[in-house]
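So the structure is just underneath, and the comments pick up after that.
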Amino acid sequence: MTRELAHDALHDRLVSFIRTPEVGDFNALALAVFEYQYKHIEVVRRVADYTGNTPDRVQRWNDIPAIPARAFKSYSMFDDGALAHTFFSSGTSGAPKSKAHFSEAGLTLMAESILQNARKYFLPEGRNTVILVLAPSPSLAPHMIMAWGMEQLIQHFGLPGSRFLVGPEGLDQNGLMQTFTDCIRANIPVTLIGASFGFVHLLDGLAAKSLTLQLPEGSRLMDAGGFKGRSRVVRRNDMDRAITETLAIPAHLSVNLLGMTELASQFYDDVLIHRDPQRRRKSNAPWTRTVVLDPRSMQFAAHGTPGLLCHWDLANLERPCAVLTDDLGVRDALGWTVLGRAKGVESKGCSLTIDAMLGGQTGG
Amino acid sequence: MASYDAFWLPGIQVETTAMTAVRDGRSIEVRFPVLTVSQIRQCAARLKARRREVLARRSIDEIIEALDSVARFWLEDTPLRSHAVTAISVLSGFSEEMVSHAIHLEQISSRGPDMRRALDRELGNRLALDGFIKTPKGRSTAVGPELIGGIFSANIPALPHLTVMRSFLVKAACMGRVSRGEPLYLPLYAQSLAAIDPELSECLAVVYYDRDKHELSDAFLECSDHLIAYGGDAALAEIEKRLPHGSRATWHGHRMGFAWLTSSVMTTSDSLGLAEKLAYDFSVFDQHACLAPQAVYVESGGEVSPETFAEQLSNAMTKVRKRLPARALLPEEAPALRSALELSRVEAAMGDARLVSDTLQSSVVIRQLDTLKPGPLDRFVTVVPVDKAEDVFAQINPVRQYLQCAAVAGISEEDRLQLARLGVTRICPPGAMGTPSMVWAHDGRLCLADLVRWCDEESLPPG
């Protein structure tokens, strides 16, 4: 079978699994994806051969060898389909960036993943909200994978007026306030999306003017990324309190998203499902798995013991589906949470570039 | 559970807050002081008073004698020493053997003759600290600051006492702010000083405050006539920003070392011995010292290839582990090393590197580097094959401000000079990277001479 035929057949199986996961088998699909990647992604094949975890030996998804996210900086991780777009990770200027290559079909698969994930964990009511994104649009930031994903949300869930609010001059505060006023008057829920640090700037700005807003019921917020090491360290509870006090968005409608350039799928907090912000955990869509590995042994870390997050994402058909991160996380009986960047490994993250664009880079 | 104070504040009552450290089933309690601004000021005033009454009245040789006695005490097997070894091992993860070895190395280089040599090298004549000495044009005396503030890092067990010694060697009192990662050695050192020379121990105080407690940090900096600070770039920059205008300071920031072996020493008769010596350099302090090598450049074309040498080095690393076991890492301390190993595995699979050994206890990888750079530490050895001296210079030139120690074998005098020009501050043979003498100009500076102010009496007419 040619690569194209193999790709297209798997692509179709994955789309239907993402749409109706109850009729599929994650393990079987994962092994099929691995077999495809072993044949068509050189790094996957070489690493599998090197470690001895080749498709003829691997029986379980978690034995598919994971590629370290940092290797995306030095090696091309693509199946040699027709390249349509490349996303870059943010990072300090001059430093090598992670690259994620996509074909048109790969973008479609990522869009499927984004939409199904959002429908379940963030926007189950469908198109009933004005989506405001505190980030630059894909035309301004074509290589930022987060901007591309947010555009999908606007297209599929946003009412007219939904848009990106960060331009070359920074955040459009006036436009934001005008939309707030309009939505309050028309009683249309507002959905705010942005990098975690964007909200720090927004909340700081509102607090400086002693402004509080009563956003319409059903308004919600999604922040992507984390906080540590930038303008100031913000704790989740503090941010949620500020969001509730300033925007009248309850904590269970304030959702954090973990995404990375190296993956096509993201991981939402599950608070909107069970409505209890005190037990906030990350969720895995049915086509993804996440494990916490003890970095000393690379075995599953005991519950409560911090370890490295390792993800399997079947929407990453054209790029390695198993990615080992430098993020520390911890698991308990309810799920897993992100603790932040592991100490001593180079820092990166989407929050960084956006924070720099918003002018917060001099804080300490 | 044994309990330790992360402070030494003679004559001052402080409240404390306790923290329990656990590692490998061993646990200790550490009591951190909860200090106020006025207590820091009170402490500094007291130290300055005791300096006038004790240090200023003693001759430099009496002070050296006392410090030498303390070094001798730490070279003996005492209950205090074994408490220090256990406690620091639990806190830092260094094996007890390594902590004990570190104490030995630090104290063996803190003996009387070395102190005298260091002062004489830097001041010309140490007796200038006791009064006016004759110079060709008249007479001169050297006066140290009243109070030296020390801010310490946790990378090397048992190192902070060096700053206390430097202070006392210029007759300055010392107030040390210990690091949260290793706050215990200095208070224990103070205890030993108190047992040997109670008066002198009152010229030393050990404090701790959280880095973000700016009012305490400001009080500490205001009280210090000269600051000696260890730490990372960001931490030092933060301190420098808060330092009162006109304050004097000595900075010890991030530094790294490397080794360089030419093809002329890559012979079957020499390479094994060199591998054993370098294995010690890569293992001592688990590579956390500013002197520690991050990579070894091995010239191709010798009788023994860089690849064979890497294997010899890997075997030697395993042997060193028997005597000096590797750090016991907590899960949150292991990601940097694991991440480097996993990346090396991909590079090896891609044919861009060779992993000779890849355990958490020690690992050896052969690969090219774009420049010399810090690895994940904890005995992670990068062997870089090179063709000629210029390749090594090109590797270290971009990071010259971070260079510290180079262990070399077989290189020419001209190449040694070039290393000096490129920023290397210490050149030594393999096996000696982790054991500098007190006479060495730490970070390329005369650290004692930096501390004193001279007064010259000029009685002769010019000409």
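Chain A is the first sequence line, chain B the second, and so forth, proteins listed ahead of strands; every chain is numbered from 1.
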Any idea which heavy atoms bring [X] and [Y] closest together, and the distance?
{"X": "A:Leu308", "Y": "B:Pro335", "value": "CD2-CB, 3.7 Å"}
{"X": "A:Arg70", "Y": "B:Ala340", "value": "NH2-N, 3.5 Å"}
{"X": "B:Glu332", "Y": "A:Leu328", "value": "CB-CD1, 4.2 Å"}
{"X": "B:Arg345", "Y": "A:Thr51", "value": "CD-CG2, 4.0 Å"}
{"X": "A:Pro68", "Y": "B:Val346", "value": "CD-CG2, 3.3 Å"}
{"X": "B:Pro331", "Y": "A:Pro295", "value": "O-CG, 3.1 Å"}

| remark: Whatever's closer than 4.5 Å to a heavy atom in chain B on A:Ser297 counts as backbone
Got more than 12 heavy atoms from elsewhere within 6.0 Å of [atom1], [X]?
{"X": "B:Arg211", "atom1": "CZ", "result": "no"}
{"X": "A:Glu35", "atom1": "CD", "result": "no"}
{"X": "B:Tyr402", "atom1": "OH", "result": "no"}

How long is the gap from [atom1] on [X] to [atom2] on [Y], to the nearest 0.5 Å?
{"X": "B:Leu330", "Y": "A:Arg296", "atom1": "CG", "atom2": "CZ", "value": "6.5 Å"}
{"X": "B:Leu355", "Y": "A:Tyr50", "atom1": "CG", "atom2": "OH", "value": "4.5 Å"}
{"X": "B:Glu342", "Y": "A:Met298", "atom1": "CD", "atom2": "CE", "value": "4.0 Å"}

| query | Given the options B:Ala334, B:Ala234, B:Gly351, which has more heavy-atom pairs under 4.5 Å with chain A than any of the others? | reply | B:Ala334
In terms of heavy-atom proximity below 4.5 Å to chain A, should [X] be classed as side chain, backbone, both, or neither?
{"X": "B:Ala348", "answer": "both"}
{"X": "B:Leu360", "answer": "side chain"}
{"X": "B:Glu347", "answer": "both"}

| Greatest number of heavy atom pairs closer than 4.5 Å to chain B - which of A:Ala48, A:Gly307, A:Pro306, A:Ala66 | A:Pro306
